Amino acid sequence: MPELPEVETIARGLATRVIGDVIESVWLGQKPEPLKSPAAEIARTLEGSRIRAVHRMGKHIVFDLERPKTSKRRKAETDDNSSAQWIVHLGMSGRLQVSETNAEVVKHTHAILKLKSGLELRFVDPRRFGRLSVATTGNFDAGGVEPLEVELEKFTALFRGRKGPIKSALLNQKLLRGVGNIYADESLFRAGIRPRRRVNTISREQLRRLYLAVREVLTEAIALGGSSISDYVDADGEEGFFQLKHRVYGREGDPCLVCKTPIKRIVIAGRSSHYCPKCQR
DNA sequence: ACTATTTCCTGGATGC
DNA sequence: TGCATCCAGGAAATAG
């Protein structure tokens with residue numbers, strides 16, 4: 001469930017702790033590993049690299065790496081070869097923890113990076129929906145556009161020619177990246193649009209409201225450190241507080257905060273979707 | 001070219 | 001108390 005605001009919070013927290021540090025060695029867990037790249041390639045790319053930056057792209061955490069200079073002679077234009085990226089997708093239950101070496105290695109730890117500072121960066125993921133990969137080219141592209149960067153015109157264009165429910169389109173990472181189930185529901189509530197509404201029946205004005213709602217919800221959620229439901233905590237082990245601001249998500253049967261009508265829950269594309277039948281049309 | 005459905009996975013909650 | 005069943009969800013794969 002980490003979505004854009006939670007991933008942003010985690011990436012910021014990690015940045016303050018590991019930027020400038022050097023990855024000395026990498027341990028990757030046993031057989032069914034949550035890896036997208038081959039284990040050997042991940043280890044080879046990470047080991048010896050310096051962490052230059054940590055940022056978020058959609059729901060991915062991206063570590064920009066500077067690979068060690070080889071002692072061998074290199075061609076003139078090898079600048080590109082010195083950069084690479086480590087990409088972490090937390091899935092549902094993934095966590096990245098900065099730990100002391102002597103800290104207990106908890107169950108479901110799938111990767112441990114030993115850093116030069118003496119700290120360890122550990123990837124823990126009970127449900128194993130998370131994924132680790134490397135981009136040796138250093139130009140990873142998550143696809144889709146950033147909701148907080150895209151302009152209204154481009155946002156509107158994303159939905160052109162689509163017929164499915166607006167909720168499904170919002171969750172489609174190839175269109176908009178970073179919005180997940182919670183923020184899709186919260187955005188649709190603020191925009192006054194039912195999750196099942198077909199994209200091609202939504203007016204230009206309503207799309208503009210949706211655009212503003214998505215940005216508003218994500219911005220507020222980032223400011224509050226994300227939503228802590230189930231066991232989400234950020235890189236410092238701190239909980240977020242946006243769950244206290246949820247107006248529909250997880251509020252099935254509770255009165256709408258605007259009109260007191262009980263919030264409904266339906267299933268769209270296998271996802272529970274919450275909305276107010278009176279405020280949203 | 002889209003859209004809908006299924007699959008992966010485990011811990012916590014619920015039911016009998 | 002104990003055991004079975006259900007549910008949560010992102011994204012990839014599969015099917016239509």
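These numbers were taken from a predicted model, which means no experiment stands behind them. Throughout, a chain's letter reflects where its sequence line sits, starting with A, and its residues are numbered from 1.
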Is there a side chain to side chain contact (heavy atoms under 4.5 Å, CB included) between A/Val145 and A/Leu176? Walk through the geometry before answering. CA-CA 5 Å; A/Val145 299; A/Leu176 209 57; 3.7 Å; yes

Under a 4.0 Å N-O cut-off, is there an ion pair linking [X] with [Y]?
X        : Y        : value
A/Arg12  : A/Glu8   : yes
A/Arg177 : A/Glu146 : yes
A/Arg44  : A/Glu41  : no

Looking at five pairs on each end of the helix from B/dC2-C/dG16 to B/dC16-C/dG2, what is the angle between the two axes, given to 10 degrees? 50°

Let's see if you get this right: which residues in residues 156-166 of chain A place a heavy atom under 4.0 Å from DNA chain B? A/Arg162, A/Lys163, A/Gly164, A/Pro165

Between [atom2] of [N] and [atom1] of [X], the distance in whole Å:
X        : N      : atom1 : atom2 : answer
A/Leu170 : B/dT3  : CG    : P     : 13 Å
A/His89  : B/dC9  : NE2   : P     : 17 Å
A/Asp185 : C/dG10 : CG    : P     : 10 Å

Between [options], which nucleotide has the shortest distance from any of its atoms to the side chain of [X]?
X        : options                : value
A/Asn181 : C/dG9, B/dA4, C/dA11   : C/dG9
A/Lys36  : B/dT10, C/dA12, C/dA11 : C/dA12
A/Ala269 : B/dT5, C/dA11, B/dA4   : B/dT5
A/Ser168 : B/dC9, B/dA4, C/dA8    : B/dA4
A/Ser272 : B/dT10, B/dA4, C/dG9   : C/dG9

Categorize A/Arg177 for me: base, sugar-phosphate, or nothing, with a 4.0 angstrom heavy-atom threshold over every strand shown. nothing

N/O donor to acceptor pairs below 3.5 angstrom from side-chain atoms of residues 148-161 of chain A, sequence neighbours left out:
from: A/Glu153; atom 1: OE1; to: A/Arg204; atom 2: NH2; distance (Å): 3.3
from: A/Glu153; atom 1: OE2; to: A/Arg204; atom 2: NH2; distance (Å): 3.2
from: A/Thr156; atom 1: OG1; to: A/Leu152; atom 2: O; distance (Å): 2.9

Kindly say if [X] contacts the phosphate of [N], meaning a side-chain N or O under 4.0 Å from OP1 or OP2.
X        : N      : result
A/Tyr249 : C/dG9  : yes
A/His60  : C/dG10 : no
A/Lys107 : B/dG11 : yes
A/Arg131 : C/dA11 : no

For a side chain to side chain contact (heavy atoms under 4.5 Å, CB included) check, start with the C-alpha distance between A/Lys59 and A/Arg56, then their side-chain angles and the critical distance, and finish with the verdict. CA-CA 7 Å; A/Lys59 296 174 193 170; A/Arg56 177 195 60 75; over 6 Å; no

OH of A/Tyr275 to CZ of A/Arg194, rounded to nearest 0.5 Å, is 5.0 Å

Is it true that atom CD of A/Glu100 has more than 12 heavy atoms of other residues, nucleotides or ligands lying nearer than 6.0 Å? no

Under 3.5 Å side-chain donor-acceptor pair for A/His110 and A/Asp125: no

By a 5.5 angstrom centroid cut-off and a 30 degree plane limit, is there stacking between A/Phe129 and C/dA11? no

